[in-house]
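First comes the structure, then the notes that go with it.
Naming: A, B, ... by sequence-line order, numbering from 1 per chain.
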Amino acid sequence: MIAIKLIWANLAARPLTAALYVVILALGVAAAVALLLFSSQSERRLERDARYIDAVVGSKASSPLQLVLAGVFHADNPPPNIPFAAIAEIAADPRVKRVIPIALGDSVRGFRIVGAPPEIIALYEGRFAAGGPYAASFEAVIGADVARAAGLGVGDSFSGAHGLGGGHEHGDRPYVVVGVLAQTGAVVDRLVLTPVESVWDVHGVAHDHEQTPGEQAGGSSGHHHGHRDGHAQRSEDVEAAQTQSGGAQSVIFGPRGRQSAPPQEVTLLLVDLVSPMGAEGLLRDLNGASPFLAARPAAEAMRLYRLMGVGGQVLQAFAFILIGAAAASVFVTLFSALRERRGEIALLRAMGATRGTVFSVLMGQGVVIAALGAALGLLGGHGLIEILARSSEQAAAFGLSGALFHPGEILIALGSVAAGALAALPASIGAYRTNIARTLSETG
Amino acid sequence: MSEKPLIHVKDLVVSADGQTILSMPEWRLGAGEAALLLGPSGSGKTTLLHVIAGLIRPSAGTVTVAGVDVHALRPGQADRFRGRAIGFVFQTIRLIRALTVEQNLALALNLAGKPADKSRISATLDRLGVAELAAAKPPRLSVGEAQRCAIARAVVAQPRLILADEPTSALDDGNAERAFSLLRDEARACGAGLLIATHDGRLKALLANRLELAAR
Ligand SMILES: Nc1ncnc2c1ncn2[C@@H]1O[C@H](COP(=O)(O)OP(=O)(O)O)[C@@H](O)[C@H]1O
Ligand SMILES: [Mg+2]
């Protein structure tokens, strides 16, 4: 009790100094905690999102990282499109189990609209919180985050905008929500899923459309390719591919029961393999001779993670330097003040304070500064991640949340408090050992 | 001298670095009595006060304060006994600077194992004429004010014994005399014994009971 009063009094006697140390330490702890949260949350998210898909195939004019970022994490601009024929070509490979084409390019309220066959819902292990899968153009199934952020439910309609936010709205034809997915913690939470045909219709790509034949309305993006000939040829390709593989493969390129609507172009293909062992060989083959580029999400995620890791290490070093600087300041302040405070320490002892009390008064100052800094830093670290998660769509794609706790934070907090205690230790030992009689005779 | 002395020094020898710096066959101070501890600089006055307070361990002999053999106590006990039974006044170290005058007195009460009774604190400050300084921090006080507050701090817990080491040496004539009378009055008011160590000639005439240490 006496020690606590004296600790507060001593800190309050130099409030700015104490506050400065608290702030320096809090900055260091906040940086360390934010890094920990960012790396653990993004790693988990990357790993999880990468797990669903064995390989991504897209345009050679792209890069493996972009393919994966755009097609798996939905965190980059879409690569150039590839012709529909790619589906059959890839599906024909005996190592391939399933091909899901996706068409990208539009968004609603910053959430990506993904044109894909409804099988993509199963791929993402999505469960319906309400409604069910889409069956027709301009029906949409939305992820849990989309539903919450955009306030959309089954039966609501919305218009897509070109590009990934900020683009002009395609006001001509609204989508209708037919299903809302339950929260998965994966990327599908942030996606709007719709038949591939919806995306083409929006962009005026001509394809066999029974309801609106030859529709080319509102084409703003110039995705008009008019591959109206050769549909039969492609359909045969697909069938051939299915036959070749002895029925083990399924090729999906549009909503069920719409075989007569051969699509024109897709952005990329999500590929499931018969065995993950085949991935290396398939990638080598595709990236060698074919007009396509293939990438493995798992490998790209690891590369991305390593890339972030380098920056993270620099920041982490900086965080620990800040914590160390705060501890060093506490050490210098307490230790250099010890000489001038010897008289007061002796007075305290003469007044009846024990060695233990004067020891804990000095230790307490270091520990209180460190504990305040650590507490403030924990709050700051979580706040930082939350701000990041809210402010940037890329960050949101990493599944960041300031509300999640990581056990490593306890270590950071305890480490900071230990640093504060260690910094106060020399001065505290000095106070403990003070020869009162001599100090009083010298300074009396 | 009364039957049960407040301080009883017997066969005391204090040495440092193999040299005897103080020896005293026998000396007593009765309960509630006041005495001057005189002697030139280096004669061992401060040393004797510290031995009585249990801050220095003698190489031989015993010292009892209020019947307690102060050097037989364990360290923590000795500290608590000092806090409860003894009030110290020094020449220059007077108060804890981070605390207000009032908080200094509260601390003295707590260290004596007593509650920080506000009315007691203000009554003490009042008696010493420094009631208006209750909320002041020590660095803002004049030397005379600080010494009055330090006396208030030493007496607020009503100790059995007040030990003052050169309490007036840093004060001018007026303040020195006032500080001395305050000490004597306060000791009398709480029935405490008073031992003032000083080489300040101005005090010699003021107290008949004197213990003179010889120069070494
Ligand atoms: N720790 C110590 N080690 C050695 N000598 C000491 C120590 N403390 C005091 N002395 C010596 O003991 C003598 C008495 O000192 P002190 O009690 O301070 O005298 P006074 O208070 O009368 O001026 C001095 O000669 C001083 O140098
Ligand atoms: Mg002296």
Handout entry: Check against side chain to side chain contact (heavy atoms under 4.5 Å, CB included), A:Leu440 and B:Asp165
Key = CA-CA 9 Å; A:Leu440 289 174; B:Asp165 195 358; over 6 Å; no
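Contact count versus chain A (heavy atoms, under 4.5 Å) is highest, among B:Val51, B:Leu107, B:Leu163, B:Leu49, for B:Leu107. Contact tally against chain A (heavy-atom pairs below 4.5 Å) for B:Ile56, B:Thr47, B:Ile86, B:Leu95: the top residue is B:Leu95. Ranked by heavy-atom pairs under 4.5 Å with chain A, the list B:Arg97, B:Arg84, B:Arg94 is led by B:Arg97. Taking chain A as the reference chain and counting heavy-atom pairs below 4.5 Å, the highest number among B:Ala98, B:Ala112, B:Ala154 is found for B:Ala98. Taking chain B as the reference chain and counting heavy-atom pairs below 4.5 Å, the highest number among A:Thr357, A:Ile2, A:Ile436 is found for A:Ile2.
Residue B:Ala53 does not touch chain A at all, counting heavy-atom pairs closer than 4.5 Å. For A:Arg355, the part sitting under 4.5 Å from any heavy atom of chain B is the backbone (N, CA, C, O) and nothing else. Interface residue A:Leu6: only side-chain heavy atoms are found under 4.5 Å from chain B.
Between B:Leu111 and A:Met351 the shortest heavy-atom distance is CB-O, 3.4 Å. Nearest approach of A:Gly343 to B:Ile93, heavy atoms of both residues: O-CG2, 3.5 Å. Smallest separation of non-hydrogen atoms from A:Ala9 and B:Leu99: CB-CD2, 3.1 Å. Between A:Ser441 and B:His50, the shortest heavy-atom distance links the atoms OG-CE1, 3.8 Å.
Enclosure of atom CZ in B:Arg127 by more than 12 non-hydrogen atoms of other residues, nucleotides or ligands within 6.0 angstrom is indicated. The neighbour count for B:Arg140 CZ, taken as heavy atoms of other residues, nucleotides or ligands under 6.0 Å away, does not exceed 12. For B:Glu177, the CD atom sits in a loose shell: 12 or fewer heavy atoms of surrounding residues, nucleotides or ligands are nearer than 6.0 Å. Environment of CZ in B:Arg160: sparse, with no more than 12 heavy atoms of neighbouring residues, nucleotides or ligands closer than 6.0 Å. Other residues, nucleotides and ligands contribute over 12 non-hydrogen atoms within 6.0 Å of the CZ atom of B:Arg202. Counted within 6.0 Å of CG on A:Leu404, heavy atoms from surrounding residues, nucleotides or ligands total more than 12; the atom is thus considered enclosed. The environment of CD in B:Gln19 is sparse: at most 12 heavy-atom neighbours from other residues, nucleotides or ligands sit within 6.0 Å. Counting non-hydrogen atoms of other residues, nucleotides and ligands closer than 6.0 Å to CZ of B:Phe81 gives a total above 12.
For the atom pair B:Gln77 CD and A:Thr354 OG1, the distance stands at 12.5 Å (nearest 0.5 Å).
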